[in-house]
Protein chains: 2
Amino acid sequence: MNENLEILKRNGLSVTEGRKKILDLFLDNEGALAHADIEKYTDAAFDRVTVYRTLQTFVDKGIIHQIPTTDNSILYALCKHKCEAGHHHDDHVHFICNLCGKTICLDDVTVPAVKLPKGFKPAQAAMVVTGTCSDCK
Amino acid sequence: MNENLEILKRNGLSVTEGRKKILDLFLDNEGALAHADIEKYTDAAFDRVTVYRTLQTFVDKGIIHQIPTTDNSILYALCKHKCEAGHHHDDHVHFICNLCGKTICLDDVTVPAVKLPKGFKPAQAAMVVTGTCSDCK
DNA sequence: CAAAAACTTGCAACATTATTGCAAATATTG
DNA sequence: CAATATTTGCAATAATGTTGCAAGTTTTTG
């Protein structure tokens, strides 16, 4: 069984062309993708609205997660460690390369715990590191 | 001398109503502000375009910094530790409260260094923690 | 302190990005 | 394979961001 198919079924989603195709993009791509990337790669085979809705569905199901950025865009990346809906194990560091522009999930680098001031209770932590990636060094 | 005036002069910026007002918003506000917040608080006294340009100018001068988010918006916050243009000391942790929605700069909590895989060279690191803030606990 | 120079603002137009309702098409269920 | 449920694409609309330019302000300078 194809991996995309398996993921869709596991999450109780209808199997459609669009979902398979978009999921393949993530599976084939080491880095993270923005909405615009997906439209570009799928060559406008699907309506913009479909892409929005598909991404939202995947986030809801925990198939992909969002990566915070400062440039007014959202990056999406596959959750490698089989997340459940609403309960992401999205605790790894994200790396954005200043040279090639790719965003990479460093799945093996865990976001370190920080000591917060009195009264603050952490629920989740995200970390984005910029610099030069191993391909561009 | 008012603090807003002092900041503008120190950065070699013309002193205008808009800049003083927007800077005051940041000075009066513990948390971070989005473009939309500023339009709301200034009660449309200034054109949208002016707000965009003012924020951009402040970022360029290092007066405010951007905070990464996953919701397709940019948050801005004052740089407490007098940043120079293009050289931010923006190495503190940001906290977003799930209850009141505020974003707070934890100026005293430094982003910890992480060990990256071979070949990755870090330049800057950002960290966003979500949870419950000291007011909402 | 007034005129010149430099800079900032607002407007208008435009571009991009995101959201919603609904009918048609597709997928799943039994 | 028909009935049901879900998904898609289209159209319309909204929200967000950008640019050029003339008019208005601020700063500089003599």
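In what follows, chains are A, B, ... by sequence order, proteins preceding strands, each numbered from 1. Because only heavy atoms are used, hydrogens play no part in the values below, and waters and symmetry mates are left out as well, while side chains stay in.
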Side chains of Asn98(A) and Thr132(A) in contact at under 4.5 Å (non-hydrogen atoms): no
Heavy atoms only, 4.0 Å cut-off, all strands: where does Arg19(A) land among base, sugar-phosphate and nothing? sugar-phosphate
Hey, mind stepping through Phe95(A) and Leu116(B) against side chain to side chain contact (heavy atoms under 4.5 Å, CB included) and telling me if it holds? CA-CA 9 Å; Phe95(A) 191 92; Leu116(B) 300 175; 3.8 Å; yes
Any donor-acceptor pair under 3.5 Å from Asn29(A) side chain to Gly31(A) backbone: yes
Just by distance, do the side chain of Asp43(B) and the backbone of Ala45(B) share a donor-acceptor pair under 3.5 Å? no
Taking the six-membered ring where the residue is Trp, are the ring centres of Tyr76(A) and Phe58(A) under 6.0 Å apart? no
Co-members of the apolar cluster containing Leu75(A) [side chain, <4.5 Å]: Ile67(A), Ile96(A), Val128(A)
For the atom pair CD (Glu6(A)) and CG (Asn11(A)), what is the distance rounded to the nearest 0.5 Å? 9.0 Å
Under a 3.5 Å distance rule, please check whether Thr50(B) uses its side chain to pair with a backbone N or O of Phe46(B) as donor and acceptor. no
First-last contacting nucleotides on DNA chain C - partner chain A, under 4.0 angstrom, heavy atom: dT17(C) to dT28(C)
Which pairs would a plain distance check flag for residues 18-26 of chain B, meaning a side-chain donor or acceptor within less than 3.5 Å of a matching protein atom at least two apart in sequence or in another chain?
unit_1: Arg19(B); atom_1: NH1; unit_2: Ser14(B); atom_2: O; d: 3.1
unit_1: Asp24(B); atom_1: OD1; unit_2: Asn4(B); atom_2: ND2; d: 2.9
unit_1: Asp24(B); atom_1: OD2; unit_2: Asn4(B); atom_2: ND2; d: 3.1

Whole-Å distance separating the CG atom of Leu55(B) from the P atom of dG17(D): 10 Å
Euclidean distance, Asp60(B) CG relative to Arg53(B) CZ, rounded to 0.5 Å: 13.5 Å
Should the pair His65(A) and His94(A) be assigned to parallel (<30°), tilted (30 to 60°) or perpendicular (>60°) ring geometry? tilted
Whole angstrom is fine here: how far is it from CG in Asn11(A) over to C1' in dT6(D)? 16 Å
Asp71(A) CG to dT16(D) P, in whole Å, measures 17 Å
Name the pairs: protein N/O against N/O of nucleotides 9-14 of chain D, kept only if under 3.5 Å.
unit_1: dG9(D); atom_1: OP2; unit_2: Asp47(A); atom_2: N; d: 3.3
unit_1: dG9(D); atom_1: OP2; unit_2: Thr50(A); atom_2: OG1; d: 2.4
unit_1: dG9(D); atom_1: N7; unit_2: Arg53(A); atom_2: NH2; d: 3.0
unit_1: dG9(D); atom_1: O6; unit_2: Arg53(A); atom_2: NH2; d: 2.8

Between the protein and nucleotides 24-28 of chain D, are there any N/O to N/O pairs under 3.5 Å, and if so, what are the atom names and distances?
unit_1: dT27(D); atom_1: OP1; unit_2: Val15(B); atom_2: N; d: 2.8

Going from SG on Cys133(B) to CZ on Phe120(A), what distance comes out if it is rounded to the nearest 0.5 angstrom? 6.0 Å
For a quick test of reading the model: is some side-chain N or O of Asn72(A) closer than 4.0 Å to OP1 or OP2 of dG17(D)? yes
How bent is the helix from dC1(C)-dG30(D) to dG30(C)-dC1(D), comparing axes over its five end pairs at each side, to the nearest 10°? 40°
Out of curiosity, Thr130(B) OG1 to Gln124(A) CD, how far, rounded to the nearest 0.5 Å? 5.0 Å
